[in-house]
Amino acid sequence: MEFKTHISVKNLNLWYGGQQALNDISIDIPDKKVTAIIGPSGCGKSTFLKSLNRLIDLQDDVKVNGQVLVDGENIYDPHVEITHLRKKIGLLFQRPQALPMSIYDNVAYGPRIHGTKHRKDLDGIVERYLKLSGLWDEVKDRLQGPASKLSIGQQQRLCLARSLAIEPEVILGDEPTSALDPISAEHIEQRFLELKKQYTIILVTHSLRQAQRLADYVIFFYLGNIVEHGPAAEFFRNPKDAKTQAYINGRFIEGRKADKELDLKGTVCPANFVKAKLALEGLDEGKVLRIIVDYEPAVSELPRAMEYEGHKVLEVKRLSATDWEIVIQRL
Amino acid sequence: MDIRKFKDLFAQRIMFLLCLFVLNIAFLMAFGLYMRAKPILEITSVGDLLFSLSWHPSEGQFGLASFIAGTLWVTIIAISIAVPFSVFTAIYLSEYCHKKVRNTIKPVIDLLAGISPVIYGVWGIVAIVPLVRDYLMPFFSERLPFFPFVSDNYTGYAAITGGMVLAVMVFPIIISVAEEVIRTVPFEIREVSLALGATRWQTIKHTILKKAWPGIIAAVILGLSRAFGETMAVLMVAGSALHVFPKSIFDPAYPLPALIANTYGEMMSVPLYDSAVMLAALLLLVVIALFNIAGWSILMYIGRKER
């Protein structure tokens, strides 16, 4: 199968402080296909994704060299207009993040900042993209209601509509379904399959099955390196590298294991914050705490609170209909 | 009972009592002030005391209106100057500048908060009084000869001088509270907005301030309460002239705290004088307490919501 290249990464190196997070990454990402990036936690998948729209610039002490060519233009060129670049690239996060405004304003936010002022135009945009993300029927009667009142699954679809509303060419997804319930996750996956006709989609995922269901092209990351990449069918049928084989067959030992487990089922706010905080403070720096919660608000609020405390949230994952897993590193 | 356990229990009780005592001081003060202010309230109505201009203690006239007006003048001037400076500084510190710059600037700002008011007063006399006398006052009252600029006070000791000095004194309070509030806005919100192609300023204007404004209001209220109660620096530069109702920002102002500090204990032979000053003190205490309660309630409400 022949692929047309949309984004071309050449010798990309990235350091956090003194630590190298990406090692000489070179890869061509195909146009109007779903590319899945897989690999164990902390292997640089998300970092790589954020380096594609330069959101990585927001971290302190990041150093990047190498080239990322989007439509033939190097985005790390100092003359690049960063707001234009980001307008070309929509991003979905692991935890959906509604902006503190109404559902309507969330979708209209992007077009507004890029200069669409007329109410009529905005009405059309909001309707079109809410329909495209499959949320319209659920929210059409409460467009002016606060977006934060939506369920997590709905919020993620809202985020998708918001990203689409800036009319990007590329959609990046950083494990966009891992915090969702199975039905919402399927909703989002369906959208991706429809959207790939018009957009280049790059998806970081933890789920091999999801990669198999969605991807046309697969990249396997390990410890900041690309171990293997190729068309999905071939990649899964016939992986060449031993590490890839191990990962695909589920025999892979995760690079990072939790040093402590904390079960917060049946605990609500703010008791769960206090317990999580104390547990983290009981650990040594760099150690990892795995928390299980079954209280939906905690899924977004607990990681936020712990980040505010200065810790690093590595992962939020839905385990079952009622339970979520939150993995946090003590810093 | 074991002697160790007894000591432990004893210590606990003692500390509880001490804690209770500390907590009660404010209430005791308010109560004491009220008791001392009562005699004058029995003779004159609160309305007369608050709104009458005539302050002639020897004739038994204790109108506090011009002192209240003086307090309001300096406070309003101070806040109008301080808010733009401090809020934008806070935004710069939390949103734009590098972590290293922030970590250097913040201690300096906190240092500003720790300087003794009398030093601000001296600085006001040396720097701000001449500035007002030689430049601001002649310029404004000639070019804009109407309210609130016209004045015949050429000394430089005026409401605006007090306001300017006060503004510098409330900078650190507003900056540090506002900066902290802005930084509690989740990082992801910035990421979302910037990832959509917004500039930093658009992100701040449309999302961050939307989340942070109640906290910024709280910061301003806390600054306001500091400005309201500040005594020494204002006393030194605001003019403190009796029988002048400040109609202009260049007129001398005599705020309540200055009145209390200046006259308490001096004219105690005048009947009810003591009581009138106590009333002024009570007024100040109540207003500042209300400001503080409002400010901290907003901050606590935000804190609960964020956690």
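Here is the naming used below: chain letters follow the sequence lines, and residue numbers restart at 1 for every chain. Every heavy atom of this structure was used, including side-chain atoms; hydrogens, water molecules and symmetry mates were not.
Using a 4.5 Å cut-off between heavy atoms, A/Leu172 makes no contact with chain B at all. Contacts of A/Arg112 with chain B are absent, with no heavy-atom separation under 4.5 Å from either backbone or side chain. At a 4.5 Å heavy-atom cutoff, the contact between A/Gln59 and chain B is made by side-chain atoms alone.
Here the CZ-OG distance, from A/Arg86 to B/Ser193, works out to 9.5 Å after rounding to the nearest 0.5 Å.
No more than 12 heavy atoms of other residues, nucleotides or ligands sit less than 6.0 Å from atom CZ of B/Phe31. Residue B/Tyr34 places its OH atom among 12 or fewer non-hydrogen atoms of other residues, nucleotides or ligands, all under 6.0 Å distant. In this structure, A/Trp15 places its CH2 atom where more than 12 heavy-atom neighbours from other residues, nucleotides or ligands lie under 6.0 Å away. Around CD of A/Gln19, the count of heavy atoms belonging to other residues, nucleotides or ligands within 6.0 Å does not exceed 12. Environment of NZ in A/Lys275: sparse, with no more than 12 heavy atoms of neighbouring residues, nucleotides or ligands closer than 6.0 Å. In this structure, B/Phe85 places its CZ atom where only 12 or fewer heavy-atom neighbours from other residues, nucleotides or ligands lie under 6.0 Å away. Other residues, nucleotides and ligands place no more than 12 heavy atoms under 6.0 Å from the CZ atom of B/Phe16.
Chosen from A/Asn53, A/Leu85, A/Asp60, the residue pairing most often with chain B at heavy-atom distances under 4.5 Å is A/Asp60. Contact count against chain A (heavy-atom pairs under 4.5 Å) is highest for B/Lys99 among B/Lys100, B/His98, B/Lys99. Contacts with chain B were tallied for A/Ile89, A/Ile82, A/Asp61, A/Ile166; A/Ile166 has the most, counting heavy-atom pairs under 4.5 Å. Chain B forms more heavy-atom pairs under 4.5 Å with one residue of A/Asp105, A/Leu99, A/Leu92 than with any other, namely A/Leu99.
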side-chain contact (heavy atoms from CB on, under 4.5 Å) between A/Arg162 and B/Val192, intermediate numbers included: CA-CA 10 Å; A/Arg162 188 176 59 198; B/Val192 166; 3.1 Å; yes

Worked verdict on A/Lys50 versus B/Glu191 for side-chain contact (heavy atoms from CB on, under 4.5 Å): CA-CA 10 Å; A/Lys50 284 185 179 175; B/Glu191 285 190 320; 3.0 Å; yes

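Closest approach of A/Pro100 and B/Lys211 over heavy atoms only: CG-CG, 3.4 Å. Minimum interatomic distance between B/Arg200 and A/Leu58 (heavy atoms only, all atoms of both residues): NH2-CD2, 3.6 Å.
In summary, the side chains of B/Thr184 and A/Tyr308 do not present any donor paired with an acceptor at a separation below 3.5 Å, with no hydrogens or angles considered.
B/Thr207 places a side-chain heavy atom less than 4.5 Å from the side chain of A/Met101. Residues B/Glu188 and A/Glu307 meet the side-chain proximity criterion, which asks for heavy atoms closer than 4.5 Å. Looking at heavy atoms from C-beta onward, B/Leu196 lies out of side-chain contact with A/Lys87 at the 4.5 angstrom threshold.
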